[in-house]
Amino acid sequence: MAHYKAADSNREQFQRYLEKSGVLDTLTKVLVALYEEPEKPTSSALDFLKHHIGTATPENPEIELLRLELTEIKEKYEATVEENKKLKAKLAQYEPPQEEKCAE
């Protein structure tokens, strides 16, 4: 009988752990979303859960910072590409055509 009490105690501790860490809340939200889905997924329900669990979790602040950094770097890259095009066009004005170089 003592073995059953220990198992119940472990189960209750694990349940409290899941509640505190937000796992139960997240799973509940995703399962409710699946239940309320007008057209159930043609693939498996497990794929639905996998896809939606990632979107149900709160954003990590570090991820947001990385996204902002990525956006800034993309903008700098685009500006550099544009500047490169302008400089190539300007350089082309001062360089003789390729055919004349070969003749010399």
Side-chain angles (χ1 to χ4, degrees):
M1 190 73 178
H3 177 67
Y4 290 118
K5 287 184 181 182
D8 286 343
S9 174
N10 287 341
R11 183 178 296 137
E12 289 172 6
Q13 286 177 350
F14 185 66
Q15 186 174 358
R16 283 193 298 273
Y17 164 74
L18 292 176
E19 287 173 358
K20 286 181 183 178
S21 62
V23 172
L24 290 179
D25 187 45
T26 300
L27 283 174
T28 302
K29 287 178 183 178
V30 173
L31 289 172
V32 167
L34 176 60
Y35 175 77
E36 292 175 345
E37 189 71 25
E39 295 181 25
K40 302 299 181 236
T42 55
S43 60
S44 71
L46 186 57
D47 289 338
F48 181 90
L49 292 174
K50 287 178 183 177
H51 176 74
H52 286 82
I53 281 195
T55 60
T57 57
E59 280 293 317
N60 182 343
E62 187 175 331
I63 292 174
E64 187 59 34
L65 289 175
L66 289 172
R67 283 192 179 130
L68 289 172
E69 184 179 350
L70 178 62
T71 302
E72 290 174 9
I73 290 172
K74 283 181 178 179
E75 289 172 359
K76 287 180 183 178
Y77 170 76
E78 293 299 325
T80 304
V81 168
E82 190 61 35
E83 181 183 14
N84 189 15
K85 287 179 185 177
K86 289 177 183 177
L87 290 173
K88 282 182 178 181
K90 193 173 185 179
L91 181 63
Q93 293 175 351
Y94 299 106
E95 286 187 342
Q98 292 292 345
E99 296 170 5
E100 289 179 18
K101 281 187 174 180
C102 294
E104 293 177 1

Neighbour count >12 (heavy atoms, 6.0 Å) for atom CD, Gln13: yes
Residues clustered with Tyr77, ILVMFWY side-chain links under 4.5 angstrom: Val81
Asp47: partners by salt bridge (charged side-chain N to carboxylate O under 4.0 Å, His left out), with sequence neighbours left out: none
Residue pair Leu24 / Glu19: nearest heavy atoms and the distance that separates them: CD1-CG, 3.2 Å
Lys40, NZ atom: more than 12 neighbouring heavy atoms under 6.0 Å: yes
The single option from Val32, Thr26, Leu31 passing side chain to side chain contact (heavy atoms under 4.5 Å, CB included) against Thr28: Val32
Pairs meeting criterion ring pair (Phe, Tyr, Trp, His ring centres under 6.0 Å) with involvement of residues 8-47, two or more places apart: none
Counterpart residues, side chain to side chain contact (heavy atoms under 4.5 Å, CB included), relative to Thr71 (two or more places apart): Glu75
Between CG on residue Leu66 and CD1 on residue Ile73, distance to nearest 0.5 Å: 9.5 Å
For Glu83, all residues meeting side chain to side chain contact (heavy atoms under 4.5 Å, CB included), sequence neighbours excluded: Leu87
Interatomic distance, Glu62 atom CD to Glu69 atom CD [nearest 0.5 angstrom]: 10.0 Å
Inter-residue atom distance Leu46.CG - Leu34.CG, 0.5 Å rounding: 10.5 Å
For Glu39, side chain to side chain contact (heavy atoms under 4.5 Å, CB included) partners two or more places apart: none
Side chain proximity check, Ser44 to Leu49, heavy atoms < 4.5 angstrom: no
